[in-house]
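The block underneath contains the structure these notes are about, expressed in structure tokens.
Heavy-atom basis, side chains included; hydrogens, waters and symmetry copies ignored.
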Amino acid sequence: MQQRHARKAASTAILSSNNHPATTIESLISKPPASLTEALQDLRYLILDQGVAADADGNSALRIYIWSILLGVRPMRSDDYIELVRRGASSSYSKIRNDTFRTLATDPLFRRRVSESSIIRLLNAFQWKMKDSGEDAQYVQGMNVIAAPFLYAARSEVEAFSLFAVFIQRECPGYVRPTMEGVHCGLKLVDQVLQNVDHKLYSHLKAKLLTAELYAFPSVLTLSACTPPLPEVLKLWDFLLAYGAHLNILCVVAQLLLMRDELLAAAQPMKLLRQFPPLNASMIIKYAVNLVTQIPPDLFDQVVEHAR
């Protein structure tokens, strides 16, 4: 219950307009905070207001440090990761190998920086970690894409693994259970949120027998990391890690709203939905923030909890 209230509080903090910090992200994280709670609130707001500084390829000296702070991840001992890797193939190894070569395969930035071997090692090590903890989790398709932003942004494979492991266990454990119940719940919530905020668009898609299960599965499962370009994915993830990965449901709806005119005019909207338009993180975040105020509180509660 306490964790639930913490997740909801972090999400609804985007609505607060009081006590905005008169500083920068770099200045804020460069000194010990007087209050950790207040410092995290300030960091979240600065991410929303200023964004994380990065070059055109999404490279940022601060991003992975910021993600570590937001997830509360301490540096992992390299020997601990190496021990997991040295165990060899896990029970999910063949499934992992079937997917890793497809990970952001058309993205030259990702392919230039991250090797398939790194993806395989990280995912295989995670399976051993889950087995050791006794958790009901296994490799499912899409986890390779969730791992991609961490591997691209991190300074080392060990660092990427430590953030990825905490992210999966804390933010979306329901996405990696054998039944993928969190994903299917999230897809139903995409339909419900869309119905609440744009009944005309919802009805148009429903009349074409189009539900989120048919067009939004990759976007929900991968927290929108499946849609290029990668630098925009990283910007969107700055927001999701700051305010809660569950808000990706609102980000998916935001992408539909940004396509609204084209979808309503299309006789066959599925042709547009097979591949979402390139991400525009700033616009998606703007729409998602507005959606928080537009949906009923009980529906927002379900969004907050759906990935658990």
Kindly say whether the aromatic ring centers of Y81 and W128 come within a distance under 6.0 Å. no
Counting only N and O atoms by type, is there a donor-acceptor contact under 3.5 Å from the side chain of D191 to the main-chain atoms of A212? yes
Determine whether a donor-acceptor pair (N or O, by modelled atom type, separation under 3.5 Å) exists between the side chain of S162 and the backbone of E159. yes
Answer yes or no: is there a donor N or O on one side and an acceptor on the other, between the side chain of N196 and the main chain of I295, under 3.5 Å? no
Is there a donor-acceptor pair closer than 3.5 Å between any side-chain N or O of T222 and the backbone N or O of C226? yes
Of all heavy-atom pairs linking V233 and A225, the shortest is CG1-CA, 3.8 Å
Examine the side chains of E171 and H246 and answer whether a donor and an acceptor come within less than 3.5 Å of each other. no
Sub-3.5 Å donor-acceptor pair from the side chain of H204 to the main-chain atoms of L263, do we have one? yes
Short question: side chain of S115, backbone of S118 - any donor-acceptor pair under 3.5 Å? yes
State yes or no: are the ring centers of Y152 and W237 separated by less than 6.0 Å? no
Residues T24 and E26: side-chain donor-acceptor under 3.5 angstrom: no
Look at the rings of F217 and H184 and say which category their plane angle falls in: under 30° parallel, 30 to 60° tilted, over 60° perpendicular. tilted
Could you see if L151 belongs to whatever hydrophobic cluster contains I82? Use Ile, Leu, Val, Met, Phe, Trp, Tyr and a side-chain cutoff under 4.5 Å. no
